Amino acid sequence: MLIATWNVNSIRTRLDHVERWLDEFSPDLLCLQETKVDDQFFPKKPFESKGYKVSFYGQKSYNGVALISRHDIQDVRFGFSGELKNDKDIERFNDQKRVISALINEIRVVNLYVPNGSALNSEKYSYKIEWLKCLKRYLKQQALRDEPLCILGDFNIALEARDIHNPERLTGGIMASEAERQALKDVLGERLKDIFRVFEQEKNHWSWWDYRSGAWARDSGWRIDHIYLCEELIKNAKSCVIDKKERAMEKPSDHAPVLVDINWPPEELDDSSTEFNYN
DNA sequence: ATGTCGAAATCGTTTCGA
């Protein structure tokens, strides 16, 4: 099962890119962030005509998440209220459309657009920290159902020095501060692991390059788009890569897609393979 | 390097967010 995440920075502006990309990779599931479109205007026809099911949770101008899936999209849950009914912060977070989750091919997929945070002294930064704490409560509720879990999206956080082009200068700042990193680690707990780091230990693998300051030309990137898997999925994962070439296209998103390939549902050993187990 | 994008309103130039 091929699963991808991509912050497209407006689905309507990037529609041609996304369609071409789907033809190239033919993923089972593509999770989008920053669709920047109200649900009534989401362009679902182009995806349906390729055989994909579509589910989305968006708003005008900002935020917005979507699921583009070859499998049925079951038990769709929108926002934090998809899991939390009486949470103290539900009112506070419901107006920004950043969370969509569904059961797809028997995997609970949680597609996230984590708040950017703007700057350490900003109200948006404390919003980001509180939002991550709410996400932790959200996942605790989800865990009661004991589903295989994949959470992915734009996390707007680089967890380690090797995830930033210039850690000496940037560590401690926005997207690399201790409080953000700890809040994300608290969300992940012991249950979820970054599948990209299972396969790749080196630095210089980025998923986002700022449009400003010639960041792409200087390869000044960050790895802030992540795919986290539970142990059952980790042990069946075959690869995880960033499709960097997408950032080099004309009029690109500032983010590149990230893909994970999982042997799912797991192929079981057939009877013939046990015949040779004589001990 | 507040140097570029995308979207919307204040409408074709400015603002906000990233």
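Please read all numbers here as calculations on a predicted model, not as lab measurements. Chain identifiers are assigned alphabetically (A, B, ...) following the order of the sequence lines, protein sequences preceding nucleic acid strands; residue numbering begins at 1 within each chain.
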Any sub-3.5 Å donor-acceptor pair from A:Ser49's side-chain atoms to A:Pro46's backbone N or O?
yes
Which is more 5' along DNA chain B, the nucleotide nearest A:Arg218 or the one nearest A:Lys251? Just name the residue.
A:Arg218
Other cluster members, A:Val99 - Ile/Leu/Val/Met/Phe/Trp/Tyr, side-chain contacts below 4.5 Å:
A:Phe80, A:Leu84, A:Ile90, A:Phe93, A:Val110, A:Leu112, A:Val114, A:Tyr127, A:Trp131, A:Leu132, A:Leu135, A:Tyr138, A:Leu139, A:Leu149, A:Ile151, A:Phe155, A:Ile157, A:Leu159, A:Leu184, A:Val187, A:Leu188, A:Leu192, A:Tyr228
Between B:dT4 atom C1' and A:Arg14 atom CZ, what is the distance in whole Å?
12 Å
Side-chain heavy-atom pair A:Met1, A:Glu106 within 4.5 angstrom cut-off:
no
For the pair made of CD1 in A:Ile174 and P in B:dT2, what is the distance, rounded to whole Å?
16 Å
Please round to the nearest 0.5 Å and tell me the distance separating atom OG of A:Ser101 and atom CG of A:Leu67.
8.0 Å
For nucleotides 7-18 of chain B, read 5' to 3', which letter fits each nucleotide if B means a protein heavy atom sits under 4.0 Å from the base, S means only the sugar-phosphate is that close, and - means neither?
SSS-------SB
Flag the pair A:Arg181 and A:Asp163 as a salt bridge only when some basic side-chain nitrogen lies within less than 4.0 angstrom of an acidic carboxylate oxygen.
no
Counting neighbours of CG on A:Asp146 that are heavy atoms of other residues, nucleotides or ligands and sit closer than 6.0 Å, is the number greater than 12?
no
Rounded distance in Å between the P positions of B:dC16 and B:dC11:
15 Å
A:Glu250 CD to B:dG6 P, straight-line distance once rounded to whole Å:
12 Å
Please report the distance separating the P of B:dT10 from the corresponding atom of B:dG17, rounded so that it comes out in whole Å.
15 Å
Would you measure the distance from the C1' atom in B:dG6 across to the matching atom in B:dG12 and give it in whole Å?
15 Å
